[in-house]
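Shown next, in structure tokens, is the structure this report addresses.
Order of the sequence lines sets the chain letters (A, B, ...), proteins ahead of strands, with each chain counted from 1.
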Amino acid sequence: MTRYNALKADAHWQSVWDERRTFAADDHSAKPRSYVLEMFPYPSGRIHMGHVRNYTMGDVLARYRRMIGHEVLHPMGWDAFGMPAENAAMEKGVHPGSWTRANIATMKAQLKRLGFALDWTRELATCEPDYYGHEQALFLDLFAAGLVYRKESSVNWDPVDMTVLANEQVIDGRGWRSGALVEKRKLSQWFLRITDFADELLDGLAELKDWPDKVRLMQENWIGRSQGLQFRFRLSDAGEVEVFTTRPDTIFGASFVAVAADHPIAQALAARDAEVAAFVARCKQGGTTAAELETQEKLGFDTGLTAQHPIDPAVRLPVYIANFVLMEYGTGAVFGVPAHDQRDLDFARKYDLPVRRVVSDGADEDPVFVGDEAYTGPGALVNSHFLDGMDVADAKRAIISRAEGEGWGTGTTVFRLRDWGVSRQRYWGTPIPIIHCAACGPVPVPNDQLPIVLPEDVSFAVPGNPLDRHPTWKHVACPSCGVDAVRETDTLDTFVDSSWYFIRFASQPDDRPFDRTVAEEWLPVGQYIGGVEHAILHLLYARFWTRALRHIGKLDVAEPFAGLFTQGMVTHETYKSDDGRWLSPPEVENGIETATGRPVTVGRVEKMSKSKKNTVDPEPIVDQYGADAVRWFMLSDSPPERDLPWSEAGIEGSWRFVQRLWRIVTADKAAEGDDLALRKLAHRTVRDVAGDIEGLQFNKAVARLYTLASAIEKAAPSHDRHAAAHTLLLLVAPMVPHVAEEAWVAAGHDGLIADAAWPTVDPAMLVDDEVTVAVQVNGKLRDTLTLAKGTAREELEAAALASDKVVRALEGKAPRKVIVVPDRLVNIVA
RNA sequence: GCGGACGUGGCGGAAUCGGUAGACGCUGCCGACUUAAAAUCGGCUUCCAUCGGAGUACGGGUUCGAGUCCCGUCGUCCGCACCA
């Protein structure tokens, strides 16, 4: 028996699949369609284990779907714009484009070595003009439809690097690279009107049945719809202040009005009064981290202004500037009802404001509210004029209709979701196709001038945006009036690139972003697989972009991803030397640091990360064990949504199984005779593994395949054994495709196993004629009986009572009651 | 603080409907083959123990029967966060 040579077989079959274009999807196929997609990678340099796990899962599903006769679209590409390329440019002096393209070449070769069934004919990279040019066209379509606008917005500005920083690049208020104190700067930036779609994005979640509940909930909270009343208070200085509340029913319990420190009213007062200015400045101090906010004291500053109650003009509420009111949410101003809101109560107690009960818990109707715990539960309105006696919901409706009738307020829905700011003051991104003209304002670049290509001759040696500094690139004539004008030098957020790549995969004509008819044949993506870290932003933006395209009549698809699966991470033990250095796995052997011979502290199993040195590079592992062993390991043991702990022993176990498969299938010979039990097991396994793969429960499929493999090994030669070995080979083919192809040939088959059909199940083989029945006495298992399936209740009961073990357990007591579940169990209660 | 998920052997985990807990894999141990080793094959591997008993984080409950359902407690992880 020859040992299976994985490396040789890997290379051979990969080139065969390539040459035959086995996995290229046919747009004109009459077969049922399956669009299987994993989140495309950022070309950071090398493939990591997380990629391997992600793409292996999608690959098994894609290959399985092909075997059951689907036309499968399973493409791959590169999310190739982004800051790491610019960082590399600054650190190593390489051009971001060269760096990115070299990484793509490396990673593509690495992916190929894993034998993924990908349609490489549709490969795309977002950093190439033949992708981002079409993105510019789509951006202009949205612009024409009024879904793009420009407004002032503040950014984190690094005054040394002269660059805008993302929030995660600001560490303790300083730029991560320069260490300079970061300033807030107002810049005019482009926004997409995602908030116009807030309602449909929220309501659409309900239809996404094949999404994890967790992700739907996260998006729901992120969109954050609140319904309430927006209304105006008249101020004592003749001005007005507009507030939003979700509890308009409690309006008669109001005892103060509070505005944010950057609210226009506060700003106006601060401009005149140094004391106010000092307070406003104080509000802006302090961090915005969770812990800081939680412990931060509620501070208020009494402006001396008063607000007139909209219904009872005799009531005048003091107006405070308060540090807990956010300008970004609602109207930047609130009214405080201390009896029924905890934060308002804390504030009222601190500044000695009245606390008036307006909702009764049923026990207490006294207008004077005592205690330090606000009542937020249900009840009847009290001390509230015409609202008295109503429940909370009725009172809300009554007050909103009165406000609308009298013209001082309106029922409103407020969202937490903000419009999507897409401007980035960066080089390595999609240029925003707009020209700024002094006379005409912002003018879209005419479609026939697209793509607006990034200039290649840029330098990162000097700080600032290279596009802005470039001597000629931005200077152009206004397309509208012809006078000298300048290009927009901001580029698009890379989340825009990933908001439509799945559409471009489905259809990629040269002259437009996609062909509507072809794209609609494939979309939506049937199964999308990726990390949970994209649960909100990427998935929400892609949903928005798709709906926006539908809105402007470009594509009739509401939701881009019908099914979503978020896979767990690949983890590894961590190791520390006795002097506290992190050690990488190869530096450690049997708990000893090989270099020093000293013992090592084994830490917790954690996500693979460079900082903790617990990463395992897939490439040498593939070199050593072959692609199939790595793929098999990725599917084994851990449920795919949970973390997978990488282990040396585990990969060796997988390698052994690949070898064992090879032996089982190649040593198997045609023979005579039946083995009904094995035949039944094989059919059951076909059915169950199919279900497991469809449900992405690969760990269960793996366990079943081990069981079938062991049963075949133990069985005596027979016709059924021969058939079972053949079945086993087909079942493992989506998971370990290289050894499967090799064994397919060795068994004398023509063609590729990749093109073979999934085995059919004979329903007759799924029924058992014998069953094992559990026999319990008082709920405790005492015996098991093997009986014909469908044995009558009376017979079951009699057989159970006749069991020696039951008789012993009864200790002479008479059964009081006997529960019989046919074909399952008998429970004797004594 | 709010919201959510989870808690099963030495480890990863299985048990789809309330019906035989621990499938399958890893580790470990014993044995076969071998001059020897590797590879491979066979057996054992929840705990305590003599019969037998206990056991799915802990404490209660419902039920003939609970890993699974309900209530409470503890713990771990994730998301959001002064949201009006």
Figure out the CH2/P separation between A:W211 and B:rA5, and round it to whole Å.
18 Å
Mind checking the C1' distance from B:rA38 to B:rC33? Whole angstroms is fine.
12 Å
Go through the steps to decide whether A:E328 and A:R418 satisfy the test salt bridge (Lys or Arg N to Asp or Glu O under 4.0 Å), and finish with yes or no.
CA-CA 9 Å; A:E328 300 78 50; A:R418 304 266 72 92; over 6 Å; no
Take atom CH2 of A:W222 and atom C1' of B:rC83, then tell me their distance rounded to the nearest Å.
13 Å
Would you indicate which nucleotide in B:rC82, B:rG79, B:rG42 comes nearest to any side-chain atom of A:K714?
B:rG42
Taking only the P atom of each, what is the distance from B:rA54 to B:rG60 in whole angstrom?
16 Å
For B:rA57 versus B:rU68, give the span between their C1' atoms, rounded off to a whole number of Å.
16 Å
Quick one: CH2 on A:W211 to CZ on A:F565, what's the gap to the nearest 0.5 Å?
14.5 Å
Quick note, A:D688 side chain, CB onward, closest among B:rC82, B:rG52, B:rU16 is B:rU16
Check every atom of B:rU40, B:rC80, B:rU16 against the side chain of A:R663 and return the nucleotide holding the closest atom.
B:rU40
Ring centroid separation for A:Y375 and A:F369, is it under 6.0 angstrom?
no
Can you confirm if the aromatic rings of A:F633 and A:W646 lie within a centre distance of less than 6.0 Å?
yes
Determine the Euclidean distance between corresponding P atoms of B:rU46 and B:rG12; express it in Å to zero decimal places.
16 Å
Does A:R418 reach a base, just sugar-phosphate, or nothing at all? Heavy atoms under 4.0 Å.
nothing
Taking only side-chain nitrogens and oxygens of A:R343, does any of them come within less than 4.0 Å of OP1 or OP2 of B:rA84?
no
In terms of side-chain heavy atoms, does A:S803 have a donor or acceptor partner in A:D783 at a distance below 3.5 Å?
yes
Give each protein N/O atom lying under 3.5 Å from an N/O atom of nucleotides 20-30 of chain B, with the pair distance.
unit_1, atom_1, unit_2, atom_2, d
B:rC26, OP1, A:R656, NH2, 3.1

Round to the nearest Å and state the distance from A:M327 atom CE to B:rC83 atom C1'.
14 Å
Checking all strands, does A:R816 fall into the base, sugar-phosphate, or nothing category for heavy-atom contacts under 4.0 angstrom?
nothing
Chi class for B:rC17: syn within 90° of 0, otherwise anti:
syn
Could you pick out which residue, A:I819 or A:L326, lies toward the 5' side of RNA chain B when each is mapped onto its nearest nucleotide?
A:I819
Please determine which of A:N827, A:L825, A:L796, A:V806 meets the side chain to side chain contact (heavy atoms under 4.5 Å, CB included) test together with A:V775.
A:V806
Taking the P atom of each, how far is B:rG7 from B:rC17, in whole Å?
14 Å
Is there a donor on the side chain of A:K214 or the base of B:rC78 sitting less than 3.5 Å from an acceptor on the other?
no
Would you say a side-chain N or O of A:T331 is under 4.0 Å from OP1 or OP2 of B:rA84?
no
Taking the same atom, P, in B:rG79 and in B:rA15, what whole-Å distance lies between them?
27 Å
Describe the nucleic acid contact of A:V821 in one word from base, sugar-phosphate, nothing, applying a heavy-atom distance below 4.0 Å.
base
Would you classify A:V325 as touching base, sugar-phosphate or nothing, given that sugar-phosphate means primed atoms plus P, OP1 and OP2, and contacts are heavy atoms under 4.0 Å?
base
Tell me the closest heavy-atom pair linking A:D668 and A:R721, and the distance in Å.
OD1-NH1, 3.2 Å
Give me the distance, rounded to whole Å, that separates B:rC71 from B:rC78 when you measure between the P atoms they each carry.
26 Å
Heavy-atom nearest pair, A:A258 first then A:V325, reads CB-CG2, 3.9 Å
Side-chain contact check for A:P639: nearest option of B:rG19, B:rG79, B:rG13 is B:rG13
Between atom CG in A:L661 and atom C1' in B:rU40, what is the gap in whole Å?
16 Å
Shortest side-chain distance from A:N323, nucleotide among B:rC64, B:rA84, B:rC82
B:rC82
Between B:rA14, B:rA84, B:rC64, which nucleotide has the shortest distance from any of its atoms to the side chain of A:Y329?
B:rA84
Paired and unpaired positions of RNA chain B as dot-bracket, Watson-Crick or G-U wobble under 3.5 Å, | denoting a partner strand
(((((((..(((......[....))).(((((.......))))).(((...)))..(((((..]....))))))))))))....
Could you tell me whether the phosphate oxygens of B:rC64, OP1 or OP2, come under 4.0 Å of any side-chain nitrogen or oxygen in A:K780?
no
Using whole Å, report how far CH2 of A:W646 lies from C1' of B:rC11.
17 Å
Give the rounded distance in Å between these two atoms: CD of A:E220 and P of B:rC2.
19 Å
So, A:F279 versus A:Y320, ring centres under 6.0 angstrom or not?
no
Pairwise P distance, B:rG22 and B:rC47 [rounded to whole Å]:
14 Å
The side chain of A:N827 is closest to which nucleotide in this list: B:rC41, B:rG13, B:rG65?
B:rG65
Distance in angstrom units between A:H572 NE2 and B:rC11 P, rounded:
18 Å
Using atom CD of A:Q342 as one end and atom P of B:rC83 as the other, report the distance to the nearest whole Å.
11 Å
Taking the six-membered ring for Trp, are A:W632 and A:Y625 ring centroids under 6.0 Å apart?
no
